Structure formats: C-alpha cells, structure tokens
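Worksheet for the structure shown next.
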There are 2 protein chains.
Amino acid sequence: MKEGPDITRIAALIGDPARANMLTALLSGKALTASELAHEAGITAPTASGHLAKLEEAGLLWRRKQGRHHYFALAGTEVASALEALAGLAASKGHLRTRTGPRDLALREARVCYDHFAGSAGVRIFESLATSGALTVDREAIPLTPAGEERITALGIDLAPLKAKRRPLCRACLDWSERRTHLAGALGAAILSHATASGWATRTKGSRLITFSKKGASEFESAFPI
Amino acid sequence: MKEGPDITRIAALIGDPARANMLTALLSGKALTASELAHEAGITAPTASGHLAKLEEAGLLWRRKQGRHHYFALAGTEVASALEALAGLAASKGHLRTRTGPRDLALREARVCYDHFAGSAGVRIFESLATSGALTVDREAIPLTPAGEERITALGIDLAPLKAKRRPLCRACLDWSERRTHLAGALGAAILSHATASGWATRTKGSRLITFSKKGASEFESAFPI
DNA sequence: CAAATGCTTCGGCCTGCACCAAACCATCCC
DNA sequence: GGGATGGTTTGGTGCAGGCCGAAGCATTTG
C-alpha cells in the first residue's frame with residue numbers, strides 16, 4: 001500500500017494555499033523573514049509560524065536566525081525545481097480561472113526564476129544562444145558548443161569555475177508566464193550575476209523583479225541579439 | 001496573493017494518500033481499471049471513483065471507457081516527470097519512517113519507471129554505457145557519442161525513428177530505490193521494448209515488475225557489461 | 001531597567017473533505 | 001428477458017487540520 005518514498009507528505013505540504021504562496025515567494029531565491037512570508041500568504045503571524053515549522057521539519061526550507069529575525073529560504077535547487085515542475089504542469093493543464101502569468105507587466109518582462117533570468121529577458125538569452133549555434137538544443141540536453149564557450153568568455157564570464165561545480169552548466173527551464181524555454185543551470189545564474197555586477201540591471205529588494213537601466217538594456221540587447 | 005499557475009490545486013490533489021497511491025501505481029505506464037486502482041489504494045470503489053473523477057477533471061489522468069471497464073493512465077510524460085520529481089525530493093529529504101525503496105525485493109532489481117528500465121537493471125544499463133564512453137555524462141545533459149550510436153545499433157535498435165521524435169533521446173533519471181541515475185528518454189524506452197520484444201524479460205501484468213528469463217538475463221548482462 | 005519588536009506556543013473554533021453503505025446506471029453473458 | 005459484474009451517484013458521519021486571539025519568550029533599543 002505505501003511503498004516508495006513519501007510523496008504524499010511533500011505534496012500535501014505544498015498543497016495548502018498559504019504554504020504554496022510562501023514557497024512561490026521564495027522561488028525568487030531571496031531569503032525572507034517570517035512576517036514577510038505571513039504577509040505574502042495573507043495570514044497572521046501565528047498561523048505562518050506553524051506552517052514554516054512544518055516546512056522546515058520536512059526539509060523543504062532552510063532557516064537562519066539572525067537577531068530577532070528568522071530568515072527562510074528554499075532548502076536547495078532540488079526543491080526549487082520540483083516547484084517549477086509543478087508550476088509547469090499546472091500551467092499546461094491550466095484551468096480557466098488560472099491566470100497565465102504575473103499580473104504585473106514588469107514582472108512578465110524581466111524577473112528571476114530562483115537564481116537566473118526568466119520572463120521575456122530570460123527567453124531572449126536562450127533564443128539568442130540557440131539560434132546562433134552556441135547551444136545544441138536537444139530538448140532537455142543542451143550542451144554548450146565551442147563557439148558558445150567563446151562567446152560567453154567574450155562577455156567577460158569565466159567558465160572554468162562553473163564547469164568545476166557539481167551543478168549542470170546548462171539546463172533548460174520551462175517558464176510559466178512565457179511558456180517558453182529559458183536558460184537555467186550554472187551558466188544561467190552566472191549571466192544573471194554578470195548582469196547585475198556590470199550594472200546592466202538591478203534586482204528590486206524583496207521581489208523577483210529586475211529593472212534594466214537604459215544603457216544596460218541596450219548593452220543586453222547587443223550581447224544577446226535575436 | 002495568488003499570482004501564477006495554480007500549483008496548489010495540483011499539489012493538493014497529489015497530496016492525498018489514496019490518490020498518491022493510485023498515481024504511483026500508474027507510474028508503471030500501464031493503464032489500470034478503476035477497481036484495480038481502488039484495490040491498490042486500499043479504498044472502496046465509490047471512494048476511488050470520486051478521486052478518479054477529480055484527477056481526470058484536473059487533467060492529470062486520461063480515461064478510456066472500454067466495455068464495462070474504465071481504464072486510467074497518466075495524462076502524459078509531463079505528469080510522470082512531475083511525480084518523479086516529487087518522489088526524488090521525498091527520497092532525498094527522506095524521513096526516518098520512509099522506506100528507502102519497494103518492499104518487494106524483486107521490484108528493487110528490475111522494474112519499470114514510467115516506460116523505461118529502473119531498479120538495479122536500469123542503473124546497470126546506464127553505468128555500462130557511461131563507463132564505456134557511449135554517453136558523455138555531464139549530469140543532466142548526456143548526449144550519445146558516435147561509439148554509443150554504433151553500439152546501440154549493434155543491439156538491433158534502430159536509432160533513426162527515435163531521433164525524429166520530439167522527445168529527448170537520452171535523459172538522466174534519478175531512481176529512488178537505488179538513488180542512482182538510470183537512463184530515460186526515447187532510448188531508455190526503446191531498450192525496454194527491445195528487451196521484452198526479444199524475449200529477454202517479461203512485464204508482469206498490472207505491476208511495475210519485470211522478470212528476466214535465465215537466458216535473457218545472461219544476454220542482458222553481456223549486452224551491458226560493467 | 002522598561003518598552004517595543006519579531007516570532008512561537010497554546011487553546012478552541014470551524015470548515016472541508018475523505019470515507020463508506022446503499023441505491024442507481026451500464027454492459028456483458030446465458 | 002434475468003442475473004452478474006464494473007462504475008457512479010447520493011447522503012450522512014467523523015476526523016484532520018487550518019485559522020485566529022491571547023499569552024509567552026527572545027532580542028534589540030532607549
């Protein structure tokens with residue numbers, strides 16, 4: 001009757017509206033405090049506290065006490081990708097009442113999916129690399145070609161430390177607002193940090209939103225032409 | 001508050017023990033009848049009927065009426081991989097009381113993960129191909145090398161139609177009983193059907209179990225040496 | 001020290017939902 | 001046709017779990 005891993009436990013945990021809202025908020029990759037999460041989920045602090053304790057105990061969340069604040073974040077990329085998988089499924093089986101993406105138009109354009117670019121900016125990066133032959137697109141398996149390596153290096157991103165990581169260099173991630181593929185994996189994360197480090201764009205504190213500066217936008221566009 | 005796809009709905013659906021058991025049973029890829037699923041979940045027929053209706057309405061299940069039987073199957077590979085993602089997460093965050101794999105020893109050895117080999121047989125295939133250089137293992141991205149193509153063709157599997165599919169040829173799938181990688185994707189499925197077609201092994205009706213014949217086992221082992 | 005802030009624990013209310021038994025359709029077989 | 005088998009619908013019961021207010025700790029600030 002109950003063979004295998006306890007998929008029920010985890011799914012039930014995610015299956016509560018309040019908890020799902022918190023987890024979705026944490027998909028931004030930022031660590032949020034308990035009260036921020038309570039506000040995000042539209043519940044009172046005591047209720048939130050209970051939920052967070054359960055999520056932590058199940059190993060989905062990671063908690064750091066700092067002064068009188070408790071910061072929470074997703075426990076790992078594994079958790080994030082399981083959530084994205086569910087979101088993708090929900091979007092594809094999408095019910096009538098399901099909104100197709102973020103209500104905020106700015107969020108549709110450039111935002112963060114865990115730790116890499118999503119939204120139309122994320123899709124643009126992927127398309128640009130794919131059409132120019134920098135990636136061999138084979139659905140899920142998308143190794144970087146030599147030409148691609150050269151191009152990334154030219155942007156000023158050092159590939160060596162990325163390759164050394166256990167994390168896959170390139171991973172395809174399906175976006176639910178655009179319903180198209182964008183670039184995840186170590187390289188996706190590196191491009192995002194490159195964009196913020198070089199002043200192309202800034203991340204809005206406490207949100208998944210990314211805003212491009214005027215100059216940054218044009219540099220971004222020339223770096224990833226379509 | 002509720003932006004994005006309705007992840008809650010789907011997760012809550014999976015988060016019920018009875019429904020989770022049914023879905024897990026269907027991960028075998030076989031279509032099962034309503035009463036078989038009721039038995040599998042340990043509930044009465046009326047209760048099962050209600051659950052199945054919900055799952056179908058949410059687009060997770062696919063129903064085919066045939067005579068007086070109603071056959072159910074997972075609605076697509078998307079659903080299957082979301083389930084496997086959850087199972088993987090559950091296994092890694094594995095709780096004390098979670099059994100690490102199927103109670104049935106035979107099931108640990110050779111069984112089906114949606115439509116390809118899993119268990120130790122599945123792991124063996126993957127290891128054999130990987131160590132001989134037939135696959136370039138790069139975590140998730142695992143393209144087949146020319147040497148690998150040759151070797152698969154020698155087994156009597158025609159690669160051309162597989163490459164034509166939209167489905168990725170090779171995909172790495174993490175197994176929860178072995179906690180190791182095995183081969184999914186179109187090639188994984190092709191190897192499984194090759195094994196049954198050539199009489200190496202037979203699938204037990206209504207189960208995820210695969211039994212090798214004596215002769216089949218030795219042929220399998222020589223085809224995939226370690 | 002007292003006051004304020006952030007979070008957790010406790011106790012009690014209440015809704016939602018899984019569950020079954022009995023009755024009701026549909027299909028096949030004799 | 002009647003009887004058997006497989007599924008679904010309906011009605012009613014009961015429990016799990018989400019929710020909040022009030023009270024209790026911990027930490028920082030004045």
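Predicted, not measured: the structure shown is a model, and the values here were computed from it.
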> Between the main-chain N or O of A:Phe72 and the side-chain N or O of A:Arg63, is there a donor-acceptor pair closer than 3.5 Å?
Replying inline: no
> Separation of B:Leu32 atom CG from D:dG6 atom C1', in whole Å?
Replying inline: 15 Å
>> If you define the side chain from C-beta out and look only at heavy atoms, does anything of A:Met22 sit under 4.5 Å from A:His51?
In response: yes
>> Any base atoms under 4.0 Å from B:Lys65, or only sugar-phosphate, or nothing? Heavy atoms, all strands.
In response: nothing
>> Show the nearest heavy-atom pair for residues A:Ala41 and A:Ala18, with the distance to one decimal.
In response: CB-O, 3.6 Å
> Between D:dA16 atom P and A:Leu13 atom CG, what is the distance in whole Å?
Replying inline: 17 Å
> Rounded to whole angstrom units, what separation is found between the CD atom of A:Glu57 and the P atom of D:dG17?
Replying inline: 13 Å
> Whole Å only: how far is the CD1 atom of B:Ile14 from the P atom of C:dA18?
Replying inline: 14 Å
What does the list of N/O pairs under 3.5 Å between the protein and nucleotides 9-16 of chain C look like, with a distance for each?
none

>> Under 4.0 Å, counting only non-hydrogen atoms across every strand here, what does B:Ala48 touch: a base, just sugar-phosphate, or nothing?
In response: nothing
> Judged by atom type as modelled, is there a donor-acceptor pair below 3.5 Å linking the side chain of B:Thr47 to the main-chain atoms of B:Ile43?
Replying inline: no
> Got a second to check how far B:Glu57's CD is from B:Lys54's NZ, nearest 0.5 Å?
Replying inline: 10.5 Å
>> If the cut-off is 4.0 Å, is B:Lys54 near the phosphate of C:dC17, judged by side-chain N/O to OP1 or OP2?
In response: no
> What is the distance, rounded to the nearest whole Å, between atom CG of A:Asp16 and atom P of D:dC19?
Replying inline: 5 Å
> When you measure from the side chain of A:Glu36 to the backbone N and O of A:Thr33, does any donor-acceptor pair fall under 3.5 Å?
Replying inline: yes
> For the pair made of CG in A:Leu52 and C1' in D:dC19, what is the distance, rounded to whole Å?
Replying inline: 15 Å
> Between the side chain of A:His194 and the main-chain N/O of A:Leu155, is any donor-acceptor distance below 3.5 Å?
Replying inline: yes
> Counting distance only, does the side-chain N/O of B:Arg19 pair as donor-acceptor with the main-chain N or O of B:Ile14 below 3.5 Å?
Replying inline: no
> Rounded to the nearest Å, what distance is computed from the CG atom of residue B:Leu55 to the C1' atom of nucleotide D:dT8?
Replying inline: 16 Å
> side-chain contact (heavy atoms from CB on, under 4.5 Å) with B:Val79: which of B:Leu26, B:Leu60, B:Leu55, B:Ile10?
Replying inline: B:Leu60
> In whole Å, what is the span from the CE atom of B:Met22 to the C1' atom of C:dA18?
Replying inline: 11 Å
Would you tabulate the pairs of protein nitrogen or oxygen atoms and nucleotide nitrogen or oxygen atoms of nucleotides 2-6 of chain C closer than 3.5 angstrom?
residue: C:dG6; atom: O3'; partner: A:Arg68; partner atom: O; Å: 3.4

> So does B:Arg19 get a side-chain nitrogen or oxygen closer than 4.0 Å to the phosphate oxygens (OP1/OP2) of C:dA18?
Replying inline: yes
